[in-house]
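Notes follow once the structure below has been shown.
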Amino acid sequence: MIQRTAVVASSSGLHARPAAIFVKAASQCGVKVRALVEGKKPANAASMLAVLALGAGPGTSVTLESDADSPEAAEAVEHLATLLETNLDEVEPEAAG
Amino acid sequence: MTPPITLRGVGVGGGLAAGPTVRMGRPPELPSERPVTDGDAEAALAASALDTVSADLAGRSLEANDPTASAVLDAFSMIAADPELRDQVIELIAQRLDAPHALYRAFEGYREMLIGAGGYLAERAADLADIRDRVIAVVLGLPMAGIPDPGHPFVLLADDLSPADTATLDPSKVLALVTERGGTTSHTAILARSLGLPCVVRCTGIMEVADGTLVGIDAGGGTVAVGIPESEVAAIAERAEALAASVKSVSGPGRTADGHPVALLHNIGSADDLGSLDDSFEGVGLFRTEFLFLDRHDRPSFDEQRQAYAAVLKAVDGRKVTVRTLDAGADKPLPFLDMQPEPNPALGIRGIRIGMRSVDVLDEQLAALAAAAGDVPDSDVWVMAPMVATAAEARWFVDRARSHGLTRAGVMIEIPAAALTAHAILAEVDFLSIGTNDLSQYTFAADRMQGGLAELLDPHQPALLQLVALCAAAGAVHGKPVGICGEAAADPRLAPVFAGMGITSLSMSASAIPAVRHELSRHTRAECVAMASSR
């Protein structure tokens, strides 16, 4: 299992636009990734509703997990972690994802 | 022909319009459950409906008029395509529930979860209901709720309009807006004002009017004449054009018919809101400074603030700018202020109370403002604090502002206690500015965000007008300006009333100024006084 913890850097947290960018990337990366926040149900990173339900504000620690152990999985998890650690509220719409 | 019937509601802004009606689709009603014989076919139906709505929302996102609306619709589109939601629906269909009910149940499950989470997530629950209704309409073969497109200009009738609806509203196709619910501060009203569309809200019975009925809208009077003859439509269209021309023809500073001045000022959130300023521009009555502080981890630097304030001062070329100091609360927490969560943010540590607890933040803002004033020659800076409750607080703030070299310091009246002690407060300050939105909220104990309480939050309510009159009268006694910067200032019908009370300035979004200027110019001061005393 691949695991990586990242801290949410977006000013509005993992809501609104940052959530949309994150979920879009997760649904396009070809690997099933879970997002875990302490005290919340594990979320399918490709599910907008599940990710929103995490209620992850700025500064929240999110652990990304993939059951697959392949290089593709590692790349996907790393890419998603980088998105979490970027302030997506300050990124131009075209440049993101 | 039967005479037209008149429906009454609350008018927004002014203006006339006439034409055929089209109702926006109402949320679909679920038919009774039917037995499921072919589970696979049922699942395919549900999936197809979800796909159709997701694609439709994605299309609307691309067409949307502004980036925020576009982002909202994009997120909605992704929700409709949500894999977890789809799994839920398939599971329910496997349990022999028909597609419409399976979809409804799945959405409801998520809606309840969001509502239970509270706060920001609870607000998304209404969005989910909107998406759910679209999907169910598709699966039932009904037209999707949304702005209709009959191929000719029409008067749009709706229960109420949501941000998803208004994002793609084309003002060239819609003649006017009439809603069954809502109020003057609802989303529909705000949109109508910014697009300059005649609008009547809270018009009971309007949704009973059949599509294609000819109606005449009077946004000034808040009435809708239903079932007018074709000839009347043309006559109204002519009067509408004459009115619009008349409104445009009145220019220059705000004043009554006999020249009594009431300054018409702009409400802005940043230098961008100023747009291009014409000769009628009189100044800024409310410069909200939050844009510098919200949505960031660290506070804005002294230089950043100084530059932002100087930009506005330069742009107004010597006209007065009334700056409101940071107005934050626990509902929009600022990390650098170390604010504790509160059970009732509207009644908690907000506005000046934060300034009194984080004095360094307030001092830095005041210093930056003073520096900016120094940077721009001939600038006329007025500074005011929000949420002031007592004369002691007012004195504290004014002393602080003056210690930084700011010579015109005042306070906002948003709390009934402050309105009731306006005399004592005016002894300490240079001016007052009445924030009618919050003043209504606190006077009527009615949440501004609660659509169902719109009637209490209506600025025509006598209790609110009485508090405004108190402040205006106190201002006259002290010989100091008392202005209004809340939404009430943008209501043309109230402008003569406020003028009659002795209000010295009305500050509003730029698009609302022409109608207010026009209405003021139609009454003499004596008429305004008479209108004020009859309230």
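Numbered from 1 within each chain, the chains take letters A, B, ... in sequence-line order.
Heavy-atom contacts from other residues, nucleotides or ligands closer than 6.0 Å to CZ of B:R353 number more than 12. Annotation for B:E304: atom CD counts as buried by contact number, over 12 foreign heavy atoms lying within 6.0 Å. More than 12 heavy atoms of other shown residues, nucleotides or ligands fall within 6.0 angstrom of atom NZ in A:K40.
For B:M78 against A:K24, the heavy-atom pair with the smallest separation is CE-N, 3.5 Å. Taking both residues in full, the closest heavy atoms of A:S47 and B:P83 are given as CA-CD, 4.0 Å, listed atom of the first, atom of the second, then distance.
For the options A:A19, A:A53, A:A50, heavy-atom pairs under 4.5 Å to chain B are most numerous at A:A53.
Interatomic distance, CG of A:L49 versus CD1 of B:I79, reported as 5.0 Å (0.5 Å rounding). Of the inter-residue distances, the one linking B:Y110 atom OH with A:M48 atom CE reads 13.0 Å to the nearest 0.5 angstrom.
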task: Take A:N44 and B:D82, measure what side chain to side chain contact (heavy atoms under 4.5 Å, CB included) needs, and give me the verdict at the end.
output: CA-CA 10 Å; A:N44 176 355; B:D82 194 303; over 6 Å; no

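Ion pairing between B:D74 and A:R17 fails under the 4.0 Å rule for side-chain N and carboxylate O.
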